[in-house]
Every structure is written in C-alpha cells, then in structure tokens.
Student: 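One structure follows; several queries about it will come next.
The structure presented is a predicted model; accordingly, all values stated were derived computationally and were not measured. Reminder, nothing fancy here: chain letters follow the sequence lines and each chain counts from 1.
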2 protein chains.
Amino acid sequence: MARKTGSHSDITGPRVRQAALKLFAQKGYAAVSMRQIATEVGLQAGALYLYTPDKQALLYELMKDHLEELLAAWQLLPDAGDPNERLQQFTRFHILYHLDRPESVFVAYMELRNLTPDNFTRIEALRRSYENELEKILIDGQALGQFRVPDTKLAALAVIAMLTGVNTWYRQGGRLSRVTVADIYWDMVRKAVAA
Amino acid sequence: MARKTGSHSDITGPRVRQAALKLFAQKGYAAVSMRQIATEVGLQAGALYLYTPDKQALLYELMKDHLEELLAAWQLLPDAGDPNERLQQFTRFHILYHLDRPESVFVAYMELRNLTPDNFTRIEALRRSYENELEKILIDGQALGQFRVPDTKLAALAVIAMLTGVNTWYRQGGRLSRVTVADIYWDMVRKAVAA
DNA sequence: CTGGGAAATGAACGATTGTTCAGTTAACCT
DNA sequence: AGGTTAACTGAACAATCGTTCATTTCCCAG
C-alpha cells in the first residue's frame, strides 16, 4: 500500500514539523528517532525525507522559525516611546509569547548543542538580535536617567533569563493566571533596573 | 591484554564519573555512548559496568551529587542574621558556586527529562529544597518590611533563574571578573525585591 | 614464590539508528 | 477513460546502541 487516501504534501509537511517539535520537546532531539516522528504523523520513516533533507534540518528549521517569528512579532508592536513603557511592553510580550509556545521555547533553549556549527552560528545570531532589542530599551532609559543598571548588556541577559524562567514552572490551571504572572514579573523587572 | 599496570578501582571510579560529566555536558546524555565514555577513560565499554549498574545511574548520581553538594555548601555558610545580608550572601554564593561547576550545572538543568520517573522525583525534591532556602530569606525579609515582593515563591524562582543565567554567557577571561559579575547581579537582585 | 581475587579485555547479543531507493498506489489532468 | 506524477511503502544498508560474560592479566597477601 502507498499513498493513503486524502494525503497531500502541503498538509503532511507541517504535520511532520509539528510532530518533530512535540517529540523533540518531550524527549530531546538525540532521543527521538525518525521512525518515532513518522509514527506520530502516520507514515513510514522513509516518507519524512520528502519533507526534510535530514534530521538536523528538521531541528534547525524549528529553531530558526521560532526565533524569526519571535522577532517579527516583537517588531510588529507599536513603539511605546517612553523607555519605561517599552520595558513594560517587552516584559509582558516576552512572558505571554513564550507561555503560548512552550515546546518551541524548550527546543530553542535546550537543543543548541545538537546543531551543526554552521547552524549554531545562525541561531546564535538570531538570539543575539532579540537580546539587543531589550538592550536598546535599557540604553535609552539609562540615557534619560529612568534606569540605572551597572551594565546594560548584563541587565538584558539577566532580565531575559528571569522572564524565560517562567516557562519552567508555569502550568495551565495553576494558582496564577498568565496576566497575573506578567504583572508580578513586571514589578520585579521595573524595580531591578530602576534609578 | 587485561588489567593495565597501575590500575586501581578507587581511581578509575571517579574518572568514569568525571568523563561522563564532561561528555554529558558537551553532547547531552542521549548523544553520548558508553563506548565514548570508556574511550575517554581509556577503557573498554564493558569495564564501565564495574563502576555503575547502567548509564541511567551514571546520570542520576551526577545530578544527585551536584545538588546535595550545593545544598551542603550553602548550609555550611554562617547565618548572616539580617535578611538583606542573607540575600546578598545567597546571591554571591549562587553565582560563584555555579561558575565553578559549569558542567555539573549544565547537566543538572538540561538532562532532567532523561531521568527515569523515580529518579526525576528525587532530583526535583532536591532542587525544590534549594529554592526553599531562598524563599525562606524572602519570607523573613518580607515580614520585617525589608523586602516587598508580590509573591515570595515566584520571586525565589525568578531570582534563581536570573542568577543561573550567568552560566550561559560567562566565559573565563572575558571583560568582567567573577566577583564583578556578582556585584552587578547583587545590585539588580537587591533592587528587584526592595520595599 | 605462589595462589586468589580484583580489574579489565574483547567478542558477542539483539535492537535500533539515519538514510536510500525501487516499487506501488491513488489523485489529478486532459 | 487513461496516463502522469506526486505521495508513500517496505525492505535494505552499514553503523552503532547498552549490556553481558567468559577469559585474561596483573597486583598483593601469605
């Protein structure tokens, strides 16, 4: 038997990526076999190679898409002008955006060492440009005397680490809503960089 | 050939764990084979089973030892009394202790999903008790009016995430010394929880 | 000097890995 | 209605996986 009824390339492709994302997040890239991904989609392992050149490309595309979409979503937001407002905007955006995509976030943070050196360099560049978006806010606020941080680069990394940490413990249906969590973290971020 | 000259069990055992730690941190648990670990030590794969019942135990022991030693080292410090002093002590301790053990920290954070359910439960308990050490400080400071955080549990998690984040970017010989980094982070932590 | 046990080898086990490819089937176009 | 081709199967590839075990070697106690 070949070519199941109702099968289409433009449907199967995304399903392959979705299955890979789910399994990579669950068990880790190295622990997931192409056969497991194929089973999740309802295919034989060989069919996956119609949609990806190899396993590595599957991982790289997932991480690249995640970071590019993250940057695009951030840049789509209106400029709030005032650095303090922009920092609040960034804090809330980061938490809510990441809480909506736990699997992508997990893979993008945990599987860096499974990238080939070339792919690692590209992903790192994307991550750095996201960090720079936050640092720009801190630099502007520092210049205006609204913020006072010892080091804008370190402060940016510290804030991002703190915010991304939410993903490690947040569970839907817990005692705090997503917006409440964002409120709480904004309070700490605001004070941490205050003048 | 068997039994190299000068070989001893009490030397080889630690060397096996050391090699496993190095390789797990470098490539990830699932991507490292027992043969790679054996080669690193200068053994055949079969000999590893004189020092560990299986690969899983090797991972579990590394994580368990790391967390137990972390807790022990923290509890060995003299009680500073004042919550603000204790928080500063925790901040500096966490950063310096973790910067001294990048491989253990990496493995303990990245390989949780490769633990069996039983082992995962035990490791999680250790991690939680470390988080509780910080939360105790925050609760005491909150009661004295020194701190004002919206939620002591979340604040503890946020601070730990922020501090542990140092390990992801710090490189020896960089533009900042370890103590300077600790100073910078203490400034941010102090303000983040300030009343 | 010798026997015994600790330490390590090296081969073997079945299972699984990523990837390729010739063959088969079903959907679409004319 | 029939032929084309995209979509998929299923078998095969060599390599590698974690683990076991009979065998060999060396160190040390007596």
Student: Return the CG to CG distance between B/Leu43 and B/Leu48, rounded to the nearest 0.5 Å.
Tutor: 6.5 Å
Student: Check B/Arg113 with A/Glu111, please: is the shortest side-chain N to carboxylate O separation under 4.0 Å?
Tutor: yes
Student: Measure from CG on A/Leu50 to C1' on C/dC21 and round the result to the nearest Å.
Tutor: 11 Å
Student: Select one nucleotide: of D/dG18, D/dG10, C/dA8, the one nearest the side-chain heavy atoms of B/Lys55.
Tutor: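 Nearest listed nucleotide: D/dG18.
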Student: Between A/Asp10 (CG) and C/dC28 (P), how many Å, whole number?
Tutor: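 Spelled out: CG on A/Asp10 to P on C/dC28 is 11 Å.
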Student: Going through the distances and angles, do B/His66 and B/Phe106 end up as a ring-ring contact (aromatic ring centres under 6.0 Å, His included)?
Tutor: CA-CA 11 Å; B/His66 168 69; B/Phe106 206 67; over 10 Å; no
Student: Checking contacts here: which listed nucleotide (C/dA7, C/dG10, D/dC8) is nearest the side-chain heavy atoms of B/Gln44?
Tutor: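 Between C/dA7, C/dG10, D/dC8, the one nearest the side chain of B/Gln44 would be C/dG10.
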Student: Quick check with a 6.0 Å cut-off and a 45 degree axis cone: is B/Arg101 positioned over the face of B/Tyr97's six-membered ring?
Tutor: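 Cation-pi check for B/Arg101 and B/Tyr97: passes.
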Student: Taking any heavy-atom pair under 4.0 Å as a contact, classify B/Leu48: base, sugar-phosphate, or nothing.
Tutor: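 Result for B/Leu48 = nothing.
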Student: Does the pair B/Lys191/B/Asp187 count as a salt bridge with the N-to-O cut at 4.0 Å?
Tutor: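 A salt bridge is present here (some side-chain N lies under 4.0 Å from a carboxylate O).
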Student: Expressed as a whole number of angstroms, how long is the span from A/Leu43:CG to D/dG10:C1'?
Tutor: 13 Å
Student: Regarding A/Arg17 and the six-membered ring of A/Tyr51, is the cationic atom NZ or CZ under 6.0 Å from the ring centre and inside 45° of its axis?
Tutor: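 No cation-pi geometry.
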Student: CZ of A/Arg35 versus C1' of D/dG10: gap in Å, rounded?
Tutor: 11 Å
Student: For B/Gln36, report the nucleic acid contact type (base, sugar-phosphate, nothing); a contact means any heavy atom under 4.0 Å.
Tutor: sugar-phosphate
Student: Can you tell whether the side chains of B/Glu40 and B/Lys22 come within less than 4.0 Å, N to carboxylate O?
Tutor: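 Salt bridge: yes.
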Student: So what does B/Val32 touch, heavy atoms closer than 4.0 Å: a base, only the sugar-phosphate, or nothing?
Tutor: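 The residue B/Val32 makes sugar-phosphate contact but no base contact.
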Student: Using atom OH of B/Tyr29 as one end and atom C1' of D/dG18 as the other, report the distance to the nearest whole Å.
Tutor: 9 Å
Student: Have a look at the helix from C/dC1-D/dG30 to C/dT30-D/dA1 and give the angle its two end axes make, five pairs each, rounded to 10 degrees.
Tutor: 10°
Student: What is the distance from OH of A/Tyr49 to P of C/dT17, rounded to the nearest Å?
Tutor: 11 Å
Student: Starting from P on D/dT19, measure out to CE on B/Met34 and report it in whole angstrom.
Tutor: 6 Å
Student: Whether B/Ser33 contacts D/dC17 is assessed here as follows: a side-chain N or O lying under 4.0 Å from the phosphate OP1 or OP2. Is that the case?
Tutor: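 Indeed, a polar side-chain atom of B/Ser33 lies that close.
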Student: Rounded to the nearest Å, what distance is computed from the CZ atom of residue A/Arg15 to the P atom of nucleotide D/dA7?
Tutor: 14 Å
Student: Is any side-chain nitrogen or oxygen of A/Thr12 closer than 4.0 Å to OP1 or OP2 of D/dC8?
Tutor: yes
